Amino acid sequence: MNRLRILLMAAAIASVASGCAHTDIIAAPEAPLGRVVVYRNGVAYFERHAHVNGSLTLEVPRGRVDDFLKSLTVVDAKDGTPLAISYRTPRESAGSVVTMEIELPPGPRDVRITYVTESPAWKPSYRVVLGEDDEATLQSWAVVDNVSGESWDKVRVGVGSTSALSFRYDLHSVRMVQRETIDHGDRLAAAPPTGGSAYAVGGQKQRVLANLSVEELDQVAMQNRDFTQSVDVSATAAMDSAGVSLAGTTGAESKYRPEGAAVVVADKKRRRRRRGKKRKTKDSVEDGVVGGVVGGVTGGVVHGASAPPSPPPPPSAPLDRLAQQLSTSPGRVRIEGNALRNETGDTDSGLRRANTLREALVARGIASERIDVVDGGAIVDDPAQAVKVVAVDDAPAASQAVSESNEDGGPQGSAHFVADDPITLQAGHSAMVTLLNEATKAQQVYVYDPTSERGSSTFAFNAVRLKNPSDHTLDAGPVTVYADGQFLGEGIADPIPPRSTALVPYALDRTLRVEPRTKTREQIQRLLTVQRGVATTQTQRIRETVLDIDNRGTDDAVVYVRHAVPSGWTLEDPPKSLEHYGDDILVPVTVKAGERATLTLAESMPINTSIDLRSSGGLRAVAVYLEGGKVPPALAEQLESVLETHARLRDLDDALLTQREQLAVLRARVQELNVQLVSLRKVGKAQSLSSHLAKRMKALSDDLDAATLEVTELQTDQLTARIELSNQIADLTLSKPKGGGTVGNAAP
């Protein structure tokens, strides 16, 4: 029978990366590699071909067994039919390699063996060679690392990037699910829990927490259910009629928990309630028998439904230390029970010992789901090694990096590139596999990026706007730009979907200088409610970003402005040429040589505000609201009347202020003339001057009286206008028309 020894490719990758030594496994020449496809999510697809006759043997690094079993497929190379496979169930063993003997249907045949396992991710690298008339060449390479320990001889190597998830999953370990045995009520012995298997893979490093001997387990069995001994069936049958469980008894020797008598009596009470009155007499007799039997074991006699307290068993120091250690540290543990050399005929003694210790730990407050129970499978000579407790590291949970946008450089869609010609790659070497070398369209432009971490708020970047000419997604990676045999710069490209364009900044240019400024204003969109002159409004807070772009070069330039619209804001009147760039937007602007171009981007956010219609500020806001032209006619008429009255009142206030100032001047002048006339009366030769001043004073007095009358009239008009405005505001309502809706709502 032809037997092959095949290497699983990704052996000891972590050890190689850390510089640690690892076991090299040489692949058999009868099963050469045919194809290897490396992915960006940490796995690789391997394909081998071999001629077999009924079976094959695989030597798989222990750390890669789960990946191998998860994806292994063996098919007939002739017709592609999947073949049924089986292998020996793995047991705990040492070593870094698991030998898997796989049985196939009998008969010779050519087979194709494929599997997916852990592998270093490939790295992309791009070149853009710019030509004339927006013509360019896009080249792409993939850097692939061969750290498998096996040389790839004439292997077709490919790379891929998909949105598929990848994770670890334990398929190698044997898992036993703990189940409860349900008693039908006629027997009193509780069923032991079924042994379970840990999720750890054999051969890995284990942290031993404790070793318990047979003597220590005997001490544990005195306080808990004892699973360490075989049950004497004859004794069980004899005592069962008395209602006593002998789980944990050999011959005439019996071991019980101190509370065993109380358990028996309590169960007897349940049986009395379940059975009829006629059974009570027989149960009373059985109670007496039970009391005698239990009394013989515990050193006391049970009378009726109670038992005298028995002294507690001596404490188990190793068990108490173990329980204390487990209670202060998280994680799961595995209890491995082993058989002694003199117990070769008893195949279950190890598992019973492990279950006994598990019951003791659960009784001390350790959660049962933290404890796995297995048969260690070993036969030991030293009774001190009867039970071993080891720490179990939880298997790594399936995880995948989650991002809210594609700006993290993760895969978009899928890509699959396979080299046309096979290559040879020695172990421990890396290769650059050509993925793409195609003509495409590319244009030299500018990018103004004030939002990103490495952007600039003053100058624009040189950038290349290129198109992905392939039908596959180009992964994120470095891009080197050349033109006319010269190096222009380097940039980082985000993933580029098939047939789409991308912007790659590669140099900071000071030819285009940008002066940004921002201003904010508020504009009423609709009136929601009006109560006692206070209106609740839905207002748009408008923020305008104005960019003055100066082209200081000698050629016209196209600059793509990157702008971030904050959460909660909406871009008003977006340009038709707008493009989305992740969560941001791109707006192209053409700037002629030696000139300035201005770009204004307005964003709005709805807010609710309250304004006082009796204040000048509130009425100014209403005037701006009316200028918008979206006010319903009925409401517009009311608001216009309010504004007219307010304007008239404002004119009256101005006129009244002017008259009061003039009145003050007249009063001061009259007072001054009066003082002068009093002084002239003391001089006899100043009669003519006194007469002139008297006439002047009379004229000023008349003007003063007229001004006083004018002020009085203005005050009356002011009071009337103020009352009118107050009444108009009070009568301002947002009534609902017959067709529904609200008068204050703006027209759509």
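Just so it is clear, the model here is predicted, and its values are computed rather than measured. Just so you know, residue 1 is the first one in the sequence shown, and it goes up from there. The figures here come from the full heavy-atom set of this structure, side chains too, leaving out hydrogens, waters and symmetry mates.
Taking all atoms of both residues into account, the shortest heavy-atom contact from P495 to A476 is CD-CB, 3.8 Å. Nearest heavy-atom pair across R353 and N338 is NH1-O, 3.3 Å. Closest approach of L322 and A210 over heavy atoms only: CD1-CB, 4.1 Å. The shortest non-hydrogen separation linking P422 to R156 is CG-CG, 4.0 Å. Of all heavy-atom pairs spanning K388 and V390, the tightest one is CG-CG1, 3.8 Å. Residues V464 and V481 approach most closely at CG1-CG2, 4.2 Å, considering heavy atoms.
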Subject >> Criterion side-chain contact (heavy atoms from CB on, under 4.5 Å) on H563 and T451, from CA distance to verdict >> reply: CA-CA 7 Å; H563 180 71; T451 62; 5.8 Å; no
**OP:** Using the side-chain contact (heavy atoms from CB on, under 4.5 Å) rule, take R109 and H51 through it: C-alpha gap first, then chi angles, then the decisive distance, then the call.
**Re:** CA-CA 6 Å; R109 59 174 52 85; H51 183 80; 5.8 Å; no
Subject >> I371/I335 under side-chain contact (heavy atoms from CB on, under 4.5 Å): CA gap, chis, key distance, verdict >> reply: CA-CA 7 Å; I371 308 174; I335 303 177; 3.5 Å; yes
**OP:** Could you go through the side-chain contact (heavy atoms from CB on, under 4.5 Å) check for L72 and I85 one step at a time?
**Re:** CA-CA 10 Å; L72 175 64; I85 61 177; 3.7 Å; yes
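Contact annotation: the side chain of L56 approaches that of I113 to within less than 4.5 Å [non-hydrogen atoms, C-beta and beyond]. Within the 4.5 Å cutoff, the side chain of F461 has no heavy atoms near those of the Y446 side chain. Between S456 and Y448, the closest side-chain pair of non-hydrogen atoms is not below 4.5 Å. At a threshold of 4.5 Å between non-hydrogen side-chain atoms, the residues L436 and L474 count as touching. Put simply, the side chain of V157 does not reach to within 4.5 Å of the side chain of L425, judged on heavy atoms. A heavy-atom distance below 4.5 Å is found between the side chains of E150 and L33. Counting only heavy atoms from C-beta outward, the side chains of W141 and V143 never approach each other to under 4.5 Å. No side-chain heavy atom of V389 sits less than 4.5 Å from a side-chain heavy atom of L361.
The structure places CD of E47 at 10.5 Å from OH of Y115, a figure rounded to the nearest 0.5 Å. Going from atom CG of N41 over to atom CD of E118 covers 11.0 Å, rounded to the nearest 0.5 Å. Taking CD from Q385 and CD from E336, the interatomic distance works out to 11.5 Å, rounded to the nearest 0.5 Å. For the atom pair N437 CG and R127 CZ, the distance stands at 11.5 Å (nearest 0.5 Å). In this structure, OH on Y126 lies 10.5 Å from CG on L466, to the nearest 0.5 angstrom. How far CG of N462 is from OG1 of T511: 7.0 Å, rounded to the nearest 0.5 Å.
Proximity of a side-chain donor or acceptor of D67 to a complementary backbone N or O of S71 within less than 3.5 Å is not detected. Between the side chain of D133 and the backbone N or O of E135 there is no donor-acceptor pair closer than 3.5 Å. No donor-acceptor distance shorter than 3.5 angstrom exists from the side chain of S119 to the backbone of A44, with no hydrogens or angles considered. For T137 (side chain) and A439 (main-chain N/O), no donor-acceptor pair under 3.5 Å exists by modelled atom type. Between the R510 side chain and the F459 main chain, no donor and acceptor come within less than 3.5 Å of each other. Judged purely by atom type and a 3.5 angstrom limit, D145 has no side-chain atom pairing as donor or acceptor with the backbone of P120. Side-chain atoms of W122 come within 3.5 Å of backbone N or O of G160 as a donor-acceptor pair.
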Side-chain atoms of residues 497-508: list all donor-acceptor pairs with protein atoms under 3.5 Å, sequence neighbours left out, distances to 0.1 Å.
{"unit_1": "R499", "atom_1": "NE", "unit_2": "D471", "atom_2": "OD1", "d": "3.0"}
{"unit_1": "R499", "atom_1": "NH1", "unit_2": "P469", "atom_2": "O", "d": "2.4"}
{"unit_1": "R499", "atom_1": "NH2", "unit_2": "P469", "atom_2": "O", "d": "3.2"}
{"unit_1": "R499", "atom_1": "NH2", "unit_2": "D471", "atom_2": "OD1", "d": "3.0"}
{"unit_1": "S500", "atom_1": "OG", "unit_2": "P497", "atom_2": "O", "d": "2.7"}
{"unit_1": "Y506", "atom_1": "OH", "unit_2": "Q444", "atom_2": "NE2", "d": "2.9"}

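Legend: salt bridge (charged side-chain N to carboxylate O under 4.0 Å, His left out) pairs involving residues 455-469, not counting sequence neighbours, sorted by first then second residue: R465-E579.
Heavy-atom contacts from other residues, nucleotides or ligands closer than 6.0 Å to CG of D79 number more than 12. The number of heavy-atom neighbours closer than 6.0 Å to CZ of R370, taken from other residues, nucleotides and ligands shown, is above 12.
A salt bridge does not link R454 with D449: none of the charged nitrogens is closer than 4.0 Å to a carboxylate oxygen.
With sequence neighbours excluded, no residue satisfies salt bridge (Lys or Arg N to Asp or Glu O under 4.0 Å) with D134.
Side-chain contact, S151 with Q426: a donor N or O sits under 3.5 Å from an acceptor N or O.
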